[in-house]
Protein chains: 2
Amino acid sequence: MSLTKAEEQLMEYIWQKEKVFMKELIECFPDPKPATTTVATLLKRMQDKGFVAYTLYGNSREYYPLVEKKDYFSKQMSGMIKNFFNDSVAQFGSFFARDTSMSTQELEELRNIIDEEIKRKQNG
Amino acid sequence: MSLTKAEEQLMEYIWQKEKVFMKELIECFPDPKPATTTVATLLKRMQDKGFVAYTLYGNSREYYPLVEKKDYFSKQMSGMIKNFFNDSVAQFGSFFARDTSMSTQELEELRNIIDEEIKRKQNG
DNA sequence: ATTTTAATTCTACATTTGTAGAGTAACATA
DNA sequence: TATGTTACTCTACAAATGTAGAATTAAAAT
């Protein structure tokens with residue numbers, strides 16, 4: 001199962017904070033901030049889906065993610081790559097380099113990252 | 001505005017075919033195929049959203065995309081990058097290289113693509 | 001102990017999305 | 001031209017989503 005838009009937004013704040021009480025979460029939102037009940041509903045649904053859990057402190061809960069951002073994101077990416085690029089990561093990469101408006105500098109930075117990654121994989 | 005999951009699936013077929021009649025679209029789906037009315041509804045909504053248009057041939061319509069796949073996809077990516085990577089393409093690239101399960105071969109392929117792209121940009 | 005405050009649950013409701021039946025219009029053909 | 005065929009529109013409806021009021025519970029403050 002996957003997060004909806006509203007849940008995803010909230011999840012992003014949770015990932016940022018690592019651990020967080022509802023009150024703090026609401027403060028993360030720009031005005032107009034959602035009602036506490038709205039956030040509570042989303043948190044509930046996210047628990048049901050297995051994305052967050054909490055530790056009880058007194059009467060309030062400190063929420064934390066059960067799914068890592070990178071795993072969630074990877075899954076999202078896989079989905080897109082599957083749908084749009086015939087399940088070929090390379091085809092996607094090609095698209096990404098060509099058709100995303102990256103500056104030369106950004107491209108070079110990316111190439112360096114990839115280079116390092118290749119080396120890292122070759123060594124161990 | 002953006003496409004829903006079902007619309008996106010349909011759009012993918014339209015992009016593949018470039019021009020297509022509803023009948024052919026339905027054939028694209030795996031069994032169990034959706035009812036014609038279902039596809040018709042989706043096509044209608046997609047027209048309203050400005051994603052497809054059609055040419056009339058007799059009493060039937062040949063649909064074609066108004067939005068290019070790469071543009072649509074770019075926008076999707078931008079959204080994700082904005083949400084998950086603080087609007088930094090490089091940060092995304094870094095994530096992509098490190099945390100997506102790409103083989104060394106795929107990474108090398110990607111590096112070559114990026115290299116070419118850098119050269120292309122430097123020349124003209 | 002009583003009041004205040006804050007978090008959680010229950011319930012609700014409008015909107016969006018996925019899906020399709022029934023009816024209608026137009027075309028093909030006997 | 002009557003009849004079947006196909007595509008489209010209108011309408012409908014269940015499920016998912018975004019949002020939040022009312023009631024409840026529990027902690028905190030006085």
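Side chains included, hydrogens not; waters and symmetry mates left out as well; all remaining heavy atoms used. In what follows, chains carry the letters A, B, and so on, assigned in the order in which the sequence lines appear, proteins first and then strands, with residues in each chain numbered from 1.
Nearest approach of A:Val67 to A:Met11, heavy atoms of both residues: O-CE, 4.0 Å.
With hydrogens and angles ignored, the 3.5 Å screen pairs a side-chain donor or acceptor of B:Glu24 with a backbone N or O of B:Phe21. Judged purely by atom type and a 3.5 angstrom limit, B:Glu108 has no side-chain atom pairing as donor or acceptor with the backbone of B:Gln105.
Atoms CD (B:Gln9) and C1' (C:dT19) sit 15 Å apart, rounded to a whole Å. Note: CD (A:Glu8) to P (D:dT17) measures 12 Å, nearest angstrom. To the nearest angstrom, P of C:dT8 lies 14 Å from CG of A:Asp48. The separation between B:Gln47 atom CD and D:dC8 atom C1' is 10 Å, rounded to whole Å. The CG atom of B:Leu3 sits 14 Å away from the C1' atom of C:dT16 (whole-angstrom rounding). Between the NZ atom of B:Lys5 and the C1' atom of D:dT17 there is a distance of 15 Å, rounded to whole Å. Atoms CD (B:Glu7) and C1' (C:dG18) sit 10 Å apart, rounded to a whole Å. D:dC10 atom C1' lies 9 Å from atom NZ of B:Lys44, rounded to whole Å.
Comparing A:Val39 and B:Met22 along DNA chain D, the residue whose closest nucleotide (by nearest heavy atom) sits nearer the 5' end is B:Met22. Taking the nucleotide of DNA chain D with the nearest heavy atom to each of A:Thr41 and A:Ser2, the more 5' of the two is matched to A:Ser2. Nearest-nucleotide mapping onto DNA chain C: of B:Thr4 and A:Ala40, the residue sitting toward the 5' end is A:Ala40. Nearest-nucleotide mapping onto DNA chain C: of B:Lys49 and A:Lys23, the residue sitting toward the 5' end is A:Lys23.
Using a 4.5 Å heavy-atom threshold, the side chains of A:Leu43 and A:Met22 count as touching. At least one side-chain heavy atom of A:Glu62 sits under 4.5 Å from a side-chain heavy atom of A:Tyr57. Put simply, the side chain of A:Val52 does not reach to within 4.5 Å of the side chain of A:Arg61, judged on heavy atoms.
For the residue pair A:Glu8 and A:Tyr72, a side-chain donor N or O sits within less than 3.5 Å of a side-chain acceptor on the partner.
Within residues 24-37 of chain A, the residues having any heavy atom closer than 4.0 Å to DNA chain D are, in order of number, A:Pro34, A:Ala35, A:Thr37.
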Side-chain polar contacts of residues 31-41 of chain A - donor-acceptor pairs under 3.5 angstrom, sequence neighbours left out - could you list them?
from	atom 1	to	atom 2	distance (Å)
A:Lys33	NZ	A:Phe29	O	2.5
A:Thr41	OG1	A:Thr37	O	2.8

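For the pair B:Arg61 and D:dT9, the criterion of a side-chain N or O lying under 4.0 Å from OP1 or OP2 is met. Within the 4.0 Å cut-off from OP1 or OP2 of D:dC8, at least one side-chain nitrogen or oxygen of B:Tyr63 is found. When the side-chain nitrogen and oxygen atoms of B:Thr38 are compared with OP1 and OP2 of C:dT19, none of them lie within a distance under 4.0 Å.
In this structure, the helix from C:dA1-D:dT30 to C:dA30-D:dT1 shows an angle of 0° between the axis at its start and the axis at its end, each fitted on 5 base pairs and rounded to 10°.
Comparing atom distances between the B:Leu42 side chain and each of D:dC10, D:dG18, C:dT19 picks out C:dT19 as nearest. Candidate nucleotides C:dA6, C:dG18, D:dA7 were compared by shortest atom distance to the side chain of B:Arg45, and C:dG18 ranks first.
With A:Val20 as the fixed residue, the side-chain contact (heavy atoms from CB on, under 4.5 Å) test singles out one of A:Gln16, A:Lys23, A:Lys17: A:Lys17.
Ion pairing between a basic and an acidic side chain is recognised when a charged N comes within 4.0 Å of a carboxylate O; B:Glu116 and B:Lys119 show no such pairing.
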